[in-house]
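One structure is given here, and the rest of the page talks about it.
Quick note: numbers below take in every heavy atom, side chains included, and nothing from hydrogens, waters or symmetry partners. Residue indices begin at 1 and follow the sequence shown.
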Amino acid sequence: MDLLAQILVNGVLLGGLYAVMALGLALVWGVLNIVNLAHGAFIMLGGYLSWHLYNYLGIDPFLGLPITAVVMFGLGYVLQRGMLNLIVRAPMFNTLLITFGLEVVLTYLAQLAFSADFRTINPSYAGSSIALGPVVVPVARLMAFGVAVALTVGMWLFLLHSRLGRAIRATAQNLVAARLYGVEPRHLYAITFGIGIGLAGAAGGLYGTVSQIDPYIGATLTAKSFAIAIIGGLDNPLGVLVGGLVLGIIESLTVLYVGATFGDVASFGVLVLVLIFRPSGLLGKTA
């Protein structure tokens, strides 16, 4: 039972990180109708940026997250306004091709810039943990979980209660009506994509504190984010959080009772079941 409790705690902490990884992809997909296959590459770039801020400037990885998010937001805004805006509302196949090409380019540029060596962000508290009875909670993972939940809830409140958030939701629901109310789609799309990439960058900073980063992690993280967004639902950030927690717990239990090689099998098995029985996601709106 002690081992089971430890595995469940680990699954919850992992699920929180998964949620913030998928949050930006779900936002971009839901508003711009772009399935961003380069999403994991942006997470990877955020991890490298946080690593450089810590190793060369001495900025704590958690304190450096706002810097990482702002830099990645700027990159996302420029990319969307200059390139991806050309394919907004285009057939899905076009968006898949261009974002896949972008993922390949970013991966090999990262290899040229950073080499293929594994990097880990190791602040002084990286090896610290808190004992809660028989359960040991790593401090870095707990902090990453707290930030992930805060970002998810913050995004939910932003979309519900801010003027910009309501404009984003209106554009996603009815572009023509949003235009009639004075929304300028190109600028709003660029801001939305920038927010999505900023969240991906923050997720990369969190990922670097609990795992290793290298130029080739992008494809795996994109697939994981895709599964979480589908499981939770695209139209609700809290659904993405639930999807991340579900996936984290299922993966942890599968590793314990079946084997480490079956974690991803279980994750995508859950994705298939959700697509069959609840296509809109666990917290998504049904038609």
Do Leu160 and Arg169 have side-chain heavy atoms sitting under 4.5 Å apart? yes
With side chain to side chain contact (heavy atoms under 4.5 Å, CB included) as the test, would you mind laying out the steps for Met155 and Leu23 before giving the verdict? CA-CA 9 Å; Met155 177 55 62; Leu23 195 58; 4.0 Å; yes
Path from Val105 to Val78 over hydrophobic side-chain contacts below 4.5 Å: no
To check you understand the geometry: which heavy-atom pair defines the closest contact between His39 and Gly24, and what is its length? CE1-C, 3.8 Å
Checking Arg186 side chain against Asn85 main chain: does a donor-acceptor pair fall under 3.5 Å? no
Can you find a pair of side-chain heavy atoms, one from Val20 and one from Val147, that are under 4.5 Å apart? no
Separation of Leu14 CG from Leu247 CG (nearest 0.5 Å): 8.0 Å
Salt bridge (charged side-chain N to carboxylate O under 4.0 Å, His left out) partners for Arg81, two or more places apart: none
Linking I/L/V/M/F/W/Y whenever their side-chain heavy atoms sit closer than 4.5 Å, directly or via other members, would Val153 and Leu206 fall into one cluster? yes
Less than 4.5 Å apart, any side-chain heavy atom of Asp214 and any of Asp117? no
Please report the shortest heavy-atom distance between Ala202 and Leu151, naming the atom on each side. CB-CD1, 4.2 Å
With His187 via side chain to side chain donor-acceptor pair (under 3.5 Å) - residues at least two apart: Tyr77
Hydrophobic clusters here meaning ILVMFWY residues chained together by side-chain heavy-atom distances under 4.5 Å, can you tell me if Leu106 and Phe73 are in one? yes
Side chain Thr222, main chain Gly40, donor-acceptor under 3.5 Å: yes
In the structure I gave you, are the side-chain heavy atoms of Leu253 and Leu4 within less than 4.5 Å of one another anywhere? yes
From Ile121 atom CD1 to Tyr54 atom OH, the distance as rounded to the nearest 0.5 Å: 9.0 Å
Looking at Val28, Leu25, Leu96, which one forms a side-chain contact (heavy atoms from CB on, under 4.5 Å) with Ile34? Val28
List the residues meeting side chain to side chain donor-acceptor pair (under 3.5 Å) with Thr107, not counting sequence neighbours, and say none if there are none. Glu103
Walk me through whether Ile197 and Asn36 qualify under side chain to side chain contact (heavy atoms under 4.5 Å, CB included). CA-CA 10 Å; Ile197 300 308; Asn36 183 13; 3.8 Å; yes
Going through the distances and angles, do Leu84 and Tyr189 end up as a side chain to side chain contact (heavy atoms under 4.5 Å, CB included)? CA-CA 10 Å; Leu84 297 178; Tyr189 284 159; over 6 Å; no
Hits for side chain to side chain donor-acceptor pair (under 3.5 Å) against Asn33, two or more places apart or cross-chain, chain-then-number order -> none
Contact summary for Pro237 and Leu159, nearest pair of heavy atoms: CG-CD1, 3.8 Å
Shared hydrophobic cluster, Ile130 / Val12 (ILVMFWY, side-chain heavy atoms < 4.5 Å): yes
For residues Pro123 and Pro61, determine if any side-chain heavy atom of one lies less than 4.5 Å from a side-chain heavy atom of the other. yes
Roughly how far, to the nearest 0.5 Å, is CG of Leu102 from CG of Leu97? 12.5 Å
Atom of Ala229, atom of Ala22 and distance for their closest heavy-atom approach: N-CB, 4.2 Å
Counting only pairs under 3.5 Å, give me each side-chain donor-acceptor contact of residues 258-273, with atom names and distances, residues two or more places apart or in other chains.
unit_1	atom_1	unit_2	atom_2	d
Asp264	OD1	Lys224	NZ	2.6
Ser267	OG	Glu251	OE2	2.7
Ser267	OG	Gly263	O	3.1

Any side-chain heavy-atom pair of Val242 and Val240 under 4.5 Å: no
Got a sec: does the CZ of Phe100 have more than 12 other heavy atoms crowding it under 6.0 Å? no
Please confirm whether the backbone N or O of Tyr207 pairs with a side-chain atom of Ser211, one donor and one acceptor, at under 3.5 Å? no
Side chain to side chain contact (heavy atoms under 4.5 Å, CB included) assessment of Phe193 paired with Leu32: CA-CA 8 Å; Phe193 192 80; Leu32 278 67; 4.2 Å; yes
Same apolar cluster: Leu164 and Leu27, side chain cutoff 4.5 Å: yes
Out of curiosity, Thr220 OG1 to Ile217 CD1, how far, rounded to the nearest 0.5 Å? 8.5 Å
Leu37 CG to Ser225 OG distance, which is reported to the nearest 0.5 Å: 11.5 Å
Output yes when a side-chain donor or acceptor of Gln6 lies under 3.5 Å from a complementary backbone atom of Val136, and no otherwise. yes
Considering only distance and modelled atom types, tabulate donor-acceptor pairs under 3.5 Å from the side chains of residues 41-52, sequence neighbours left out.
unit_1	atom_1	unit_2	atom_2	d
Ser50	OG	Gly46	O	3.3
Ser50	OG	Thr68	OG1	3.1
His52	ND1	Tyr48	O	2.9

What heavy-atom pair brings Pro215 and Ser115 nearest, and what distance separates the two atoms? CG-O, 3.3 Å
Around atom OH of Tyr108, are there more than 12 heavy atoms of other residues, nucleotides or ligands at under 6.0 Å? no
Non-hydrogen side-chain atoms of Ile213 and Phe114 separated by less than 4.5 Å: no
Atom of Leu63, atom of Ile59 and distance for their closest heavy-atom approach: C-CG2, 4.2 Å
Looking at side-chain heavy atoms only, is the closest gap between Phe158 and Ile168 below 4.5 Å? yes
Spatial distance of atom CG (Asp60) from atom CG (Leu53) [nearest 0.5 Å]: 11.0 Å
